[in-house]
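The block underneath contains the structure these notes are about, expressed in structure tokens.
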Amino acid sequence: MTRVAVNGVTGQMGGAVIEAAIDSEVVVGFATSDTDAVDGVPVVHPAEAAAALREYDVDVVVDFAVPEGALTVAEACVEVGVPMVVGTTGFDEDGMGRLKDASEEVPLLKATNFSQGIQVLQRLISEAVETLKDYDLELMETHHNRKVDAPSGTASSILDVIQEERDVEPVYGREGHAPREDDEIGVFARRAGDIRGEHELVLAGNDEVLSLSHRAEDRGVFAAGALDAAAWLVGRDAGWYEFGDVVDA
């Protein structure tokens, strides 16, 4: 069985990874809280990650934390030579650069979403945006009320896919006198309740509307996908990988 360490183990996604681990074994977790263990998994401070990776003979790290904590553990992975799956979002340019540097030393897979459905959605969006060149575009996402970054990492990834096909400028919400420009895409973030994740792209024109959307019903979808990515990453050469590589395999 793949021996997994979970960064952000005390969070909701950390707990979901522990619960979803069937063909893998979560042997240690990292968190800044004073918790000693989560569901029987010992918890270590991220500053002690390198020593813990050695002590627990970890094969791969699965990360759902905050950017600074993810970067701390990434440095430990480089020190020990352990692959890392990064699900944390909200990195700034410097943080992404540090992850890229880490990927030159160890296998590192970065994804904003570990759903196979989202991977298919992104491919459908690419085709739709390329084909319906004159249609207006609006992108909406909804998540639980505790999510701190907006728009979501998945919405940002969808926006990247769109901008590969069309030169559009994102407008994050509208207020007051705000006529729509031909080369813009509205991007809207909603936060409410315990919604796991909803993303929708609307393409409108020619007296018709095409809506492409995805809704996650349970966090276990993302946890299972991250564990699939972790098992796939073990034994790979150092480099930068994406979840689409796992889905295609």
Value for CD (Q163) from CD1 (I185), rounded to nearest 0.5 Å, stands at 7.5 Å
For A65, does its backbone N or O pair with a side-chain atom of T88 as donor and acceptor, under 3.5 Å? yes
Begin with the C-alpha distance, continue with both residues' side-chain angles, and end with the deciding distance and a verdict on side chain to side chain contact (heavy atoms under 4.5 Å, CB included) for V27 and M1. CA-CA 11 Å; V27 295; M1 298 180 73; over 6 Å; no
Distance (rounded to the nearest 0.5 Å) between D94 CG and L99 CG: 10.0 Å
Measure the CG-CG distance between L233 and D228 for me, rounded to the nearest 0.5 Å. 12.5 Å
For E200 and M140, indicate whether the former's side chain and the latter's backbone hold a donor-acceptor pair under 3.5 Å. no
Locate the shortest heavy-atom distance separating A204 from V209; write the atom from each residue and the value. CB-CG2, 4.1 Å
ring-ring contact (aromatic ring centres under 6.0 Å, His included): which pairs involve residues 85-130, sequence neighbours left out? F64-F114, F114-F243
Closest approach of A76 to A50 (non-hydrogen atoms, all atoms of both residues): CB-N, 3.6 Å
Does M13 belong to the same Ile/Leu/Val/Met/Phe/Trp/Tyr cluster as V86, with side-chain heavy atoms less than 4.5 Å apart forming each link? no
Report yes or no: does R3 contribute a side-chain atom to a donor-acceptor pair with the main-chain N or O of D57 at less than 3.5 Å? yes
Any ion pair linking K147 and E141 (charged N to carboxylate O, less than 4.0 Å)? no
Distance check, rounded to the nearest 0.5 Å: D63 atom CG versus L109 atom CG? 11.5 Å
Should we count CG of D248 as having more than 12 external heavy atoms under 6.0 Å? yes
Just jot down the salt bridge (Lys or Arg N to Asp or Glu O under 4.0 Å) partners of E79, sequence neighbours excluded, or say none. R54
Check for me, please, whether L53 and M84 land in the same ILVMFWY cluster - side-chain distances under 4.5 Å, paths through other members count. yes
Quick check on D36: does its CG atom have over 12 non-hydrogen neighbours (other residues, nucleotides or ligands) under 6.0 Å away? no
Honestly curious: do I22 and V62 fall in one hydrophobic cluster under the side-chain, below-4.5 Å linking rule? no
R166/D183 salt bridge by N-O under 4.0 Å criterion: no
So does E93 have more than 12 non-hydrogen atoms from other groups sitting under 6.0 Å from CD? no
Is any side-chain heavy atom of T72 less than 4.5 Å from a side-chain heavy atom of F30? no
Does D34 have more than 12 heavy atoms from other residues, nucleotides or ligands lying within 6.0 Å of its CG? no
Would you say E169 and E181 make side-chain contact, with heavy atoms under 4.5 Å? no
Which pairs pass side-chain hydrogen bond (donor to acceptor under 3.5 Å, both in side chains) with one or both residues in residues 102-112, sequence neighbours excluded? T112-S157
Within a strict 4.5 Å, meaning less than it, do heavy atoms of the V6 and V41 side chains meet? no
Could you pull out the closest heavy-atom pair between G90 and D149, with the gap in Å? N-OD2, 4.1 Å
Exercise: identify the closest heavy-atom pair between L212 and A128: CD1-CB, 3.9 Å
Is any side-chain heavy atom of V129 closer than 4.5 Å to one of L201? yes
Can you see whether S126 engages E164 through a side-chain donor-acceptor pair at a distance of less than 3.5 angstrom? no
Once you round to the nearest 0.5 Å, how far does NE2 of H144 lie from CZ of R190? 14.5 Å
Evaluation steps, side chain to side chain contact (heavy atoms under 4.5 Å, CB included), between D23 and T2: CA-CA 7 Å; D23 297 324; T2 305; over 6 Å; no
Taking the side chain as every heavy atom from C-beta outward, state whether H199 and H143 have any pair of such atoms under 4.5 Å apart. yes
Around D160, counting heavy atoms of other residues, nucleotides and ligands shown, do more than 12 lie under 6.0 Å from its CG? yes
Is I118 linked to V247 within one hydrophobic cluster, defined over Ile, Leu, Val, Met, Phe, Trp and Tyr using a side-chain heavy-atom separation of less than 4.5 Å? no
Transitively linked via ILVMFWY side-chain contacts under 4.5 Å: V4 with W232? yes
If you take all heavy atoms of L108 and A102, which pair is closest and at what distance? CD1-CB, 4.0 Å
Can you tell me how far CZ of R191 sits from CZ of R146, rounded to the nearest 0.5 angstrom? 11.5 Å
pair V85-Y241: side-chain heavy atoms closer than 4.5 Å: no
Would you say L227 and V17 make side-chain contact, with heavy atoms under 4.5 Å? yes
Take atom CZ in R123; do more than 12 heavy atoms of anything else shown fall under 6.0 Å from it? yes
What are the two closest non-hydrogen atoms of V44 and E48, and how far apart are they? CG1-CB, 3.5 Å
Counting only heavy atoms from other residues, nucleotides and ligands, does the tally under 6.0 Å from CD of Q116 exceed 12? no
Assess the residue pair E68 and T32 against the criterion (side chain to side chain contact (heavy atoms under 4.5 Å, CB included)); give the C-alpha distance rounded to whole Å, side-chain angles, the decisive distance to 0.1 Å, and a yes or no. CA-CA 11 Å; E68 194 54 44; T32 56; over 6 Å; no
Looking at D92, I'd like to know if its CG atom is crowded, meaning that more than 12 non-hydrogen atoms belonging to other residues, nucleotides or ligands lie closer than 6.0 Å. yes
Determine whether a donor-acceptor pair (N or O, by modelled atom type, separation under 3.5 Å) exists between the side chain of N206 and the backbone of E208. no
Check whether any side-chain N or O of R180 sits under 3.5 Å from a backbone N or O of E184 as a donor-acceptor pair, and report yes or no. yes
Find out whether L124 and H214 are in side-chain contact, i.e. whether some heavy atom of one side chain is under 4.5 Å from a heavy atom of the other. no
